[in-house]
Structure formats: C-alpha cells, structure tokens
Amino acid sequence: MPELPEVETTRRGLLPHVVGRRVDGVVVRDARLRWPVPADLDRTLRGKRITGLRRRGKYLVFDCPHGHLLVHLGMSGRLSLVPDGTPARRHDHVDVQLEGHTTLRLTDPRRFGACLWLEGDAEDHALLRHLGLEPFDPAFDGAALHRLSRGRSTAIKHFLMDARIVTGVGNIYASEALFHAGIHPSRPAGRISRARYDRLAEAIRATLERALAAGGTTLRDFAAADGSLGHFQSQTAVYGREGEPCRACRAPIRLLRQGQRSTYYCPRCQR
DNA sequence: CTTTTGACCTGACAGC
DNA sequence: TGCTGTCAGGTCAAAA
C-alpha cells in the first residue's frame, strides 16, 4: 500500500492526536507481522509519553523516553484512531491505548508490516541505518542520483525503488516520476546523464508533492488516520492506465513486468 | 560488491 | 456455486 505520500498523510493525521499523550496500555492480538511484535510491548510502553512522531522513508517513528516505537505499514497496513472499546475486526492486530479514551489501531491484512520497539537511538537501528536519501532533503538531487548510479546496470525503475538509494518511492511513484522525467523504465541506471537525473530528482519531488496534496493514493485499502481516502489514483499519468491514451501524446500507455512488479510507461514520451 | 529470485500473507477478481 | 490462477502501495535473505 503505502509509499511516502501515504505514510506522510498518516503521520500528519496522527500528529495532533498522539504527540504529548501517555500510553495507557498495549493490546497485541496477533504478533505475527513481518517480525514478531515484542511480547512485552505493553510493559515497555505503558506509562510512557509519546514525545514526537517522525517519518523516515516509509517508517513511522513514535519517539518515547529511552526508545522509539517503529511502525511500517508493509503493503496493506493502516493506522487509525478509534474510540476506546471499538470492537476489533479481523485484521486489527495491535492497539495502543492512549490517555483520553483514544486507541491507535494497526490493521494489516497481509501482515507484511512491522511494529517494533527500538531501544536507544533510532537512527542506529539496522532497519534505519542503511536507508538512503529523503526525497525532500536538500541533499537529494540529480548530482546525488548520478553519483550513486555509476556502474549500475540495474533498470532505473528498480534503482528508484531501492530504499538504500532513495526512500519512500515505491511502485506507483517510480512509474509516475519516470514518466514526468521522460525516462524509459528499463534504461540502465548507470547510463543516464547528469542532466536527466536533475530532471528526474525534480520529477520525484513534484510527483510526491502532488500525491501528498491529494491525500495519497487509495488503490484498495489505504485511508488516513481519520478514515478519509486518498484520490491521487484519479490523476496518475501512467500508473494503472494500460491501453489508455498518454495524457501528453495520446499514444497508448504500456504495461511492463520488471521482476514481479508492474511498470506503466508511455513508449513515445519515455526513452 | 551487484543482480536475480523467492519468500512472506490475505483478499479480490477473472475465467472456467 | 465452486475451484484455480493472477495480481496488489514492500523488502529481506539467499543464491548466483
């Protein structure tokens, strides 16, 4: 499900309701996520106050004294705020009960997501340490992409989805950004010029910004913390538009399989 | 080191 | 009404 715009939309929705609040308790109904949810999470979090909520790539980091609650939404995860006592449905795996009769609820049908406690400094943890550039960080630009891609034969689409290079760009926004930059998704990353990377870096930022303004993309189950749906899916240039005319040149949009993932592109606009 | 492949898991949908 | 196959916002580990 969630790429940067969906995770950031979730963060913004939660922010005013969780930061400064104390945790009254944690209920783990199913610990079998990507990694087991710690059995002692209730003991760890109970009584602690959430002092901040940050995003690093597609991870949400709930800052607490002495550590951090790390949440990843995987493919189908979602966080919502519900009144205490709201009956749990089939895939509601973790509840964090907050002071003020509100429960932060993690729902994740496919269970590819994660909910972990990180002791100490979050950035030092193995899951965050090797993450690449944040698209909205000033350090993320064409020069950086150009430098990191030298000698790489991997397709640019795959390169963009590598979190060790740049974080937050997943299957939808990689296709979209490449369209806006006019780059063919199969082109080897190492054989793209500095000038074209300048354009690509800008296209990535612009695409993510527009998706953010739309509240993200709701393909099937994404919703913000308050339940509202994203609507970027109605304004994609190429994603999900196989056979439909390119919005720029009217050529039919094509579908390509790269690895196990679908890539959409315009055969005329992207070279 | 890079690249490729398979694995994890459930639900929705198409086709027979 | 099944059943089977394919696909879906991710990313890690192992093999080549």
Side-chain angles (χ1 to χ4, degrees), chain A residues 1-11 29-37 55-60 70-79 89-93 106-116 125-132 135 147-178 186-191 204 207-208 210-212 214-225 229-236 238-242 255-264:
Chain A
M1 161 182 87
E3 304 182 37
L4 187 151
E6 292 75 35
V7 177
E8 180 63 19
T9 296
T10 299
R11 190 188 74 86
R29 287 186 202 79
D30 193 341
R32 299 171 303 159
L33 300 188
R34 165 152 216 156
W35 298 282
V37 179
R55 179 188 57 74
R56 178 70 175 101
K58 297 172 189 168
Y59 289 94
L60 286 169
L70 188 74
V71 173
H72 194 291
L73 300 176
M75 286 280 257
S76 57
R78 136 165 159 73
L79 283 169
R89 313 258 298 270
R90 187 153 156 60
H91 300 293
D92 296 341
H93 306 314
L106 176 63
T107 309
D108 186 2
R110 293 177 74 180
R111 310 205 315 270
F112 285 173
C115 179
L116 297 168
H125 194 271
L127 289 172
L128 301 182
R129 203 174 352 161
H130 302 292
L131 291 179
R147 174 168 40 80
L148 291 166
S149 64
R150 292 310 89 182
R152 299 288 302 267
S153 62
T154 192
I156 182 61
K157 159 79 167 4
H158 187 68
F159 182 75
L160 285 188
M161 290 175 64
D162 184 345
R164 287 164 306 184
I165 305 296
V166 50
T167 61
V169 179
N171 204 41
I172 294 177
Y173 302 113
S175 277
E176 290 295 301
L178 285 169
S186 302
R187 181 169 284 275
R191 289 203 244 117
I204 289 169
T207 301
L208 294 175
R210 278 199 292 115
L212 216 34
T217 300
T218 297
L219 232 47
R220 22 177 51 81
D221 44 23
F222 172 72
L229 305 179
H231 55 268
F232 187 74
Q233 64 278 8
S234 67
Q235 27 174 317
T236 59
V238 289
Y239 188 87
R241 299 192 63 240
E242 186 194 7
L255 171 61
L256 181 70
R257 293 234 153 255
Q258 292 179 294
Q260 272 72 295
R261 315 303 297 275
S262 295
T263 302
Y264 298 86

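Keep in mind that what you see is a predicted model, and the values were worked out from it rather than measured. Just so it is clear: chains get the letters A, B, ... in the order the sequence lines come, proteins before strands, and each one is counted from 1. Atoms considered below: every heavy atom in the structure, side chains included; atoms not considered: hydrogens, waters and symmetry mates.
Checking R257(A) against W35(A), the closest nucleotide of DNA chain C that is more toward the 5' end is the one next to R257(A). Both T154(A) and R32(A) lie near DNA chain B, and the one whose nearest nucleotide falls closer to the 5' end is T154(A).
Within the structure, a side-chain polar atom (N or O) of H91(A) is placed less than 4.0 Å from OP1 or OP2 of dG11(B).
At a cut-off of 3.5 angstrom, counting only N and O atoms as typed in the model, there is a donor on one side and an acceptor on the other between the side-chain of R34(A) and the base of dT11(C). You'll find a donor-acceptor pair under 3.5 Å spanning the side chain of R110(A) and the base of dC9(B), going by distance alone.
Among the protein residues, R152(A) comes within range of the sugar-phosphate backbone only, with heavy atoms under 4.0 Å from sugar or phosphate atoms but none that close to a base. Counting any heavy atom pair closer than 4.0 Å across all strands shown, R220(A) reaches a base atom.
Side chain of R187(A) to backbone of A155(A): no donor-acceptor contact under 3.5 angstrom is found.
Of the candidate nucleotides dT11(C), dA8(C), dC8(B), dC8(B) has the atom nearest to the side chain of F112(A).
Of the residues E8(A), E3(A), E6(A), the one that meets the salt bridge (charged side-chain N to carboxylate O under 4.0 Å, His left out) test with R55(A) is E8(A).
Distance CG (D30(A)) to C1' (dC9(B)): 11 Å, rounded to an integer number of Å. Atom CG of L116(A) and atom C1' of dC12(C) are 14 Å apart (whole Å). Between M75(A) atom CE and dA12(B) atom C1' there is a gap of 14 Å when expressed in whole angstrom units. Rounding to whole angstrom units, NZ of residue K58(A) and C1' of dT11(C) are separated by 8 Å. Between L73(A) atom CG and dC8(B) atom P the separation is 22 Å, expressed in whole Å.
Pairing partner, dT4(B): dA14(C), with both Watson-Crick or wobble hydrogen-bond distances short of 3.5 Å.
Classified by interplanar angle (parallel below 30°, tilted 30° to 60°, perpendicular above 60°), the ring pair Y173(A)/F232(A) is tilted.
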Please walk me through it: do T236(A) and Y264(A) pass side chain to side chain contact (heavy atoms under 4.5 Å, CB included)? CA-CA 10 Å; T236(A) 59; Y264(A) 298 86; over 6 Å; no
